[in-house]
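Quick notes on the structure that follows.
In what follows, chains are A, B, ... by sequence order, proteins preceding strands, each numbered from 1.
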Amino acid sequence: MESKVSLNFVEEIVEKDLESGKHASIHTRFPPEPNGFLHIGHASSLCLNFGLKTKYNGKCNLRFDDTNPSTEETRYVEAIKKDIQWLGFEWDNELYTSDYFDQLYDWAVVLINKGLAYVDDSTAEEIAEQKGTPTKAGTGNDFRNRSIDENLELFKKMKDGVFDNGAKVLRAKIDMAAPNMLMRDPLIYRIKKEKHHRTGDKWNIYPMYDFAHGQSDSIEEITHSVCTLEFENHRPLYNWFIEKLDIFPSRQIEFARRNLSHTVMSKRKLLQLVNENHVSGWDDPRMPTISGYRRRGYTAASIRNFANEIGIARRENIIDVSRLEFSARQDLNKVSTRVMAVLDPLKLVITNYPKGEMEWVELENNPEDERKTAHRMPFSGELYIERADFMKDPPKKFFRLGPDRMSRLKAGYIIRCDGFEEDENGNVTQLNCTYFPESKSGQDNSGLKAKGVLHWVSIEHAETAEVRLYDRLFTDENPLGHEDKDFKEFINPDSLKVVEKAYIEPFLTNAKEGQHFQFLRMGYFTKDSDSTEDNLVFNRTVTLRDSWAKAKGK
RNA sequence: AGUCCUGUGGUGUAAUGGUGAGCAUACAAUACUUUGAAUAUUGUGGUUCAGGUUCGAGUCCUGACAGGACUACCA
């Protein structure tokens, strides 16, 4: 027997429905509107819907909710499909709400025939006015009492393009005094003479979300229709249509959308960042989009793990972005090839190393990997090390180089710093060191000990690359949480730092896009798509944990 | 103000009236370490409040308080 693991509240509902025999099997769906790219919040929905499919041996459709031709584009459809596949999910059917436009039209006619829908000639303003407020009941108008025949005729004319945009709408006839404002005769069809990305010019009218989503669920016999909390108030309407139309009773279940700290998640806001060039595009490595994270170097597994770890519930939340970074490190640690690169170089000369000589040393590819493979890197008497790895006057707790201090060059030798040179401004320009030949990595019988271990590259053999270092896009944990301030005021001016000329070991010139590297002691990196033949570009996915930096900051 | 929803360590999430409120992360410390990484061990820290029901309440009831959704021809 498997041990009882706790279920999330959706799984509980599913298990109950399966046990009671309400459903023999389950069917979920992932229903994005193709008006933008998928973001990390969608990953939770994806993991939930496809996770249910897998766990309970059911099915999950991909359905594009394309009922608003003004905002939807085929390029978004393609981007969304690519992201879902990259994350590792397989849908059973690729469907479109627009496939159901004929059926939806017929159902609207059914409602009219039942006296449950009417054509309203009022303007948008009049309708809003008559709708009342949350605390004040709405009032009806005379159009509410149109005859069935007249409604039928007018609705057909709406479809046939007789009327202009905004001239008329079709509304469900429910209750203008309902406490739930969505039940105050909601609009179900509007005239929109626009070209649709799939149906072209066929339609002059398009169904509203409420008259399309639930019905699409029914058509596909979706058993559990999971959506976010903002649709909670729509559920009575969702159920009203099912009842009046007497169609397959899909059940809507809401959960709280996952919010990440230091970013924004709504597609509208993300589109704004793209359009106003605050970022380079939907796949800018600073964006919380799936494509942004992919380009930045996150693995699909790390995103899935993150989504599964944070779980789902019905309460509001802001998940600290460090949680996502943890997931990234956890997976990257297992799959990244270790290499050396110096981002802020300081020249180091080994005075007792044979002039003009070099040798190859071995650097293990990944200490976590049982196979224990390695690659070779060139070592010589003139190296670059990281500027931060030397201090003229180091504190006791500093493990790295300083006058008369020893450190190990990773995969190489232990060295001692004998002295340094500086310019007239006191900037250190060169370190002069001696090395201990018998201390070579793997065959060390020097008896020497060095606490610090430094990464390095051989100056003569190093190649160069551009390195992009990313920080959070917003300085505020919750950029949307300030009533008096626009979220863009919190954009982090230092979210991208470019190192034009970093020195990399030659092995890295063979890097391929999609490969993951750990630049030893510097973090995880991946090759960016901006790379060209003679200009390699690397993105830093995430830094390593750095307890020294933390201790130093105190 | 009306209807609906939600309050569990800093954060996220479990506990389905019954053990000392669990897990993860974050934070702190120690060990180990040829990455100040990883790993291992340990520690700090929580049920919004007030009543009520019950042998027993994080869980059920009532009220308060706090937060959120709803007044788009968007989804």
Canonical and wobble pairing (Watson-Crick, G-U, under 3.5 Å) of RNA chain B, dot-bracket with |:
.((((((..((((....[...)))).(((((.......)))))....(((((..]....))))))))))).....
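If you check A38(B), A75(B), G2(B) against the side chain of Pro179(A), the one that comes closest is G2(B). Nearest to the side-chain atoms of Lys192(A) among the listed nucleotides U13(B), U16(B), C74(B) stands C74(B). Considering only the side chain of Lys451(A), U33(B) comes nearest among U33(B), A72(B), U35(B). Residue Arg408(A) places its side chain closer to U34(B) than to any other of U34(B), U25(B), C73(B). You'll find that the side chain of Arg400(A) is closest to G36(B), out of A38(B), G36(B), C73(B).
By the 5.5 angstrom centroid cut-off and the 30-degree plane limit, Tyr209(A) is classified as not stacked against the base of A75(B).
Checking the phosphate oxygens (OP1, OP2) of C23(B), no side-chain nitrogen or oxygen of Ser6(A) falls inside 4.0 Å. Applying the 4.0 Å criterion to OP1 and OP2 of G36(B), one finds that Arg521(A) has a side-chain N or O inside that range. In this structure, Arg545(A) does not reach the U35(B) phosphate: none of its side-chain N or O atoms is under 4.0 Å from OP1 or OP2. Regarding contacts with the backbone of A75(B), every side-chain N or O of Arg63(A) stays at 4.0 angstrom or more from both OP1 and OP2. For A38(B), neither phosphate oxygen OP1 nor OP2 lies less than 4.0 angstrom from any side-chain nitrogen or oxygen of Arg329(A).
When heavy atoms are screened at a 4.0 angstrom cut-off, Glu12(A) is found touching base atoms of the nucleic acid. Base contact: Lys397(A) has a heavy atom under 4.0 Å from a base atom. Among the atoms of the strands shown, base atoms are found under 4.0 Å from some heavy atom of Ser122(A). Among the atoms of the strands shown, none is found under 4.0 Å from any heavy atom of Phe64(A). Base contact: Ala411(A) has a heavy atom under 4.0 Å from a base atom. Contacts of Asp320(A) with the nucleic acid, taken as non-hydrogen atoms under 4.0 Å apart, involve only primed sugar atoms and P, OP1 or OP2. Using a 4.0 Å heavy-atom criterion, one finds that Ile312(A) contacts the sugar-phosphate atoms exclusively.
Salt-bridge annotation for Glu254(A) and Arg314(A): present, with a side-chain N of the basic residue lying under 4.0 Å from a carboxylate O of the acidic one. Taking 4.0 Å as the cut-off between side-chain N and carboxylate O, Asp217(A) and Arg63(A) count as a salt-bridged pair.
Taking atom CZ on Arg323(A) and atom P on G10(B), their separation rounds to 15 Å, with Å as the unit.
Under the salt bridge (Lys or Arg N to Asp or Glu O under 4.0 Å) criterion, Arg144(A) pairs with Asp185(A), not counting sequence neighbours.
Residues from residues 167-174 of chain A that place a heavy atom under 4.0 Å from any atom of RNA chain B, listed by number: Val169(A).
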